[in-house]
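None of these values were measured; they are calculated from a predicted model.
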Amino acid sequence: MITAVIVGLMIILSTKRRRMLLSRLIFDFVNRTEAKLARLYCGSRSIDGLEVFYHSNTKHFSNDKPVLVLLHGFSADKYVWNRFAKRFSSQYHLVIPDLKGHGQTAYHPDDDYSVPSQCQMLLALLDQLNIKHFSIVGNSMGGMMAAKLFDEMPKRIEKAVLIDPAGAKSPFAQNMIDNKLNPFEHEVEQDFFEFYDLIMAKPPFIPKFILRALAWEYINKRAQYTHMFHQFFNLRDFYSRDYQFDYPESMLIWGLNDKLLPVDDFTHWKLMLNSNTLIYEDLGHMPMVEDVKRVSKDILSFLNKH
């Protein structure tokens, strides 16, 4: 009897695993198809022994078009930019990396996942691609990376757009650290569904069976995301409210319905940056995914402004 129960449980678990893997394969197929429709190809470069993957619309970077780097947020990957990138391909050479520990770029427990380390990896990638000057658009953690880059090497960056950036040394961040809170750490499926409600006010349609597969993946990567988040979400690398960036060619975008980062963090960034500011009252933490057409048009207008 006990043997039969154990065998039955093994079959059920095996079936669930196959179901989740199949759902993930379907999701990956859709992402790759969208990337092809945006005329993006996948390339990679070895950076200090780590194979770093990226999307681009060209295999040879030349001076005929300016370069635009697109940086995803924590736990996301290069595919979040698929529909956005399609609207920039005719005017820009695009570089859309999977940051360390994200997407196809492998996770290693001994690696450093702080923002300064991610920036070093990105710069090494750009150097290998012979890219000296570029504009940059970053969301969340990617927005903080953009700020770190134009703060330390403003002459290399032509324009920068920060979309709901992390990195404000605010009461919210202090509370997160003091209480060891991590919105990316999920124990059960429901945790992921609640998290998904936080990140977008107007999420694109994704079938429930795909969301369940993504939840399953987050749960399986819990130890990885805990380690990476601890290194990324570190007040040592964050900016205090009285910090002043000396870089005028920036734009700050915020979704007023952002439930992951509070509006107080927007005010914090606004005080630090001498920049253009754009608020979307109906959007959340990932405006460039929630309303691709409107947000890409506004960003393109800013980038093309002389």
Side-chain angles (χ1 to χ4, degrees), residues 52 54-56 66-85 87-88 92-103 105 113-126 131 133-154 156-168 173 199-200 228-229 232-234 237-239 245 247 249-255 258 260-261 265-266 268-270 272-273 275-278 280 283-290 292 295-296 298-300 302-303:
V52 177
Y54 64 93
H55 272 162
S56 182
V67 174
L68 179 63
V69 177
L70 305 178
L71 299 179
H72 62 73
F74 187 87
S75 83
D77 59 31
K78 60 185 178 294
Y79 288 115
V80 300
W81 297 103
N82 277 345
R83 299 177 187 180
F84 184 93
R87 298 172 180 272
F88 290 77
Y92 290 88
H93 289 317
L94 301 174
V95 181
I96 313 172
D98 275 333
L99 299 174
K100 290 198 295 183
H102 295 78
T105 303
Y113 295 94
S114 66
V115 164
S117 179
Q118 294 280 16
C119 287
Q120 288 174 9
M121 182 277 290
L122 174 65
L123 290 172
L125 172 64
L126 296 177
I131 296 171
H133 300 94
F134 55 94
S135 291
I136 190 166
V137 178
N139 173 233
S140 195
M141 180 180 74
M144 181 182 171
M145 287 178 62
K148 187 75 67 176
L149 290 169
F150 67 61
D151 191 35
E152 296 180 358
M153 49 191 64
R156 286 194 68 176
I157 301 178
E158 294 169 351
K159 291 197 175 185
V161 180
L162 281 59
I163 305 175
D164 292 69
I199 58 176
M200 286 182 282
M228 291 168 56
F229 185 80
F232 146 59
F233 209 83
N234 191 324
D237 301 320
F238 283 21
Y239 295 99
F245 289 92
Y247 181 81
E249 296 299 325
S250 65
M251 182 181 195
L252 175 63
I253 289 178
W254 205 274
D258 189 337
L260 196 61
L261 294 176
D265 276 25
F266 160 72
H268 189 116
W269 276 103
K270 187 176 180 181
M272 293 189 296
L273 293 169
S275 68
N276 298 270
T277 303
L278 185 58
Y280 298 106
L283 303 181
H285 188 65
M286 301 176 72
M288 75 292 182
V289 176
E290 299 171 55
V292 180
V295 177
S296 61
D298 289 337
I299 291 176
L300 198 55
F302 166 72
L303 293 177

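- Side-chain contact check for D151 versus Y239: some heavy-atom pair is nearer than 4.5 Å.
- Between E249 atom CD and L303 atom CG the span is 10.5 Å, to the nearest 0.5 Å.
- The distance from atom CG of L300 to atom CG of L68, rounded to the nearest 0.5 Å, is 9.0 Å.
- Taking both residues in full, the closest heavy atoms of T105 and V52 are given as OG1-CA, 3.7 Å, listed atom of the first, atom of the second, then distance.
- When every heavy atom of A85 is checked against every heavy atom of I96, the shortest pair comes out as CB-CD1, 3.8 Å.
- The shortest heavy-atom contact between M251 and L278 is CE-CD2, 3.7 Å.
- Separating the CG atom in L261 from the CD1 atom in I199 is a distance of 12.0 Å, to the nearest 0.5 Å.
- Within the 4.5 Å cutoff, the side chain of S250 has no heavy atoms near those of the L252 side chain.
- Remark: side-chain polar atoms of E158 are not paired, donor with acceptor, to backbone N or O of H133 under 3.5 angstrom.
- For the pair S135 (side chain) and K159 (backbone), a donor-acceptor distance under 3.5 Å is present.
- Using a 4.5 Å heavy-atom cutoff, the side chains of S140 and F74 are not in contact.
- For the atom pair L99 CG and S75 OG, the distance stands at 11.5 Å (nearest 0.5 Å).
- Judged by distance alone, the side chain of H285 and the main-chain N or O of M200 form no donor-acceptor pair under 3.5 Å.
- Residues L273 and F150 meet the side-chain proximity criterion, which asks for heavy atoms closer than 4.5 Å.
- Nearest heavy atoms, R156 versus I131: NH2-O, 2.8 Å.
- With sequence neighbours left out, R83 forms a salt bridge (charged side-chain N to carboxylate O under 4.0 Å, His left out) with E34.
- Of all heavy-atom pairs spanning A76 and V80, the tightest one is CB-CG1, 3.9 Å.
- By the 30° and 60° cut-offs, the orientation of the rings of F245 relative to W269 is parallel.
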Show the numbers, then the answer: is there a side chain to side chain contact (heavy atoms under 4.5 Å, CB included) between F84 and I299? CA-CA 10 Å; F84 184 93; I299 291 176; 3.8 Å; yes
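- Without hydrogens or angle criteria, Y54 side chain to L125 main chain gives no donor-acceptor distance under 3.5 Å.
- Within the 4.5 Å cutoff, no side-chain heavy atoms of L71 are placed close to those of Q118.
- With sequence neighbours left out, D98 forms a salt bridge (charged side-chain N to carboxylate O under 4.0 Å, His left out) with K78.
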Determine, stepwise, if the pair H102 / M141 fulfils side chain to side chain contact (heavy atoms under 4.5 Å, CB included). CA-CA 12 Å; H102 295 78; M141 180 180 74; 4.0 Å; yes
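- No side-chain heavy atom of H55 sits under 4.5 Å from any side-chain heavy atom of L94.
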Tell me, with the steps shown, if V67 and Y92 meet side chain to side chain contact (heavy atoms under 4.5 Å, CB included). CA-CA 5 Å; V67 174; Y92 290 88; over 6 Å; no
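- Aromatic rings of F233 and F238 (six-membered ring for Trp) have centroids within the 6.0 Å cut-off, being under it.
- The heavy-atom pair separating F232 from A166 by the smallest distance is CZ-CB, 3.9 Å.
- Residues meeting the side-chain hydrogen bond (donor to acceptor under 3.5 Å, both in side chains) test with H268, sequence neighbours left out: none.
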Under the side chain to side chain contact (heavy atoms under 4.5 Å, CB included) rule, what do L122 and L149 come out as? Steps first, then yes or no, please. CA-CA 10 Å; L122 174 65; L149 290 169; 3.7 Å; yes
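- Counting heavy atoms from C-beta outward, V295 and E290 have side chains that stay 4.5 Å or more apart.
- L126 contributes atom CG, which lies 8.0 Å from atom CD1 of I136 (distance to the nearest 0.5 angstrom).
- Contact annotation: the side chain of M288 never approaches that of V137 to less than 4.5 Å [non-hydrogen atoms, C-beta and beyond].
- A donor-acceptor pair is defined here as one N or O able to donate and one able to accept, closer than 3.5 Å; such a pair exists between the side chain of D164 and the backbone of G255.
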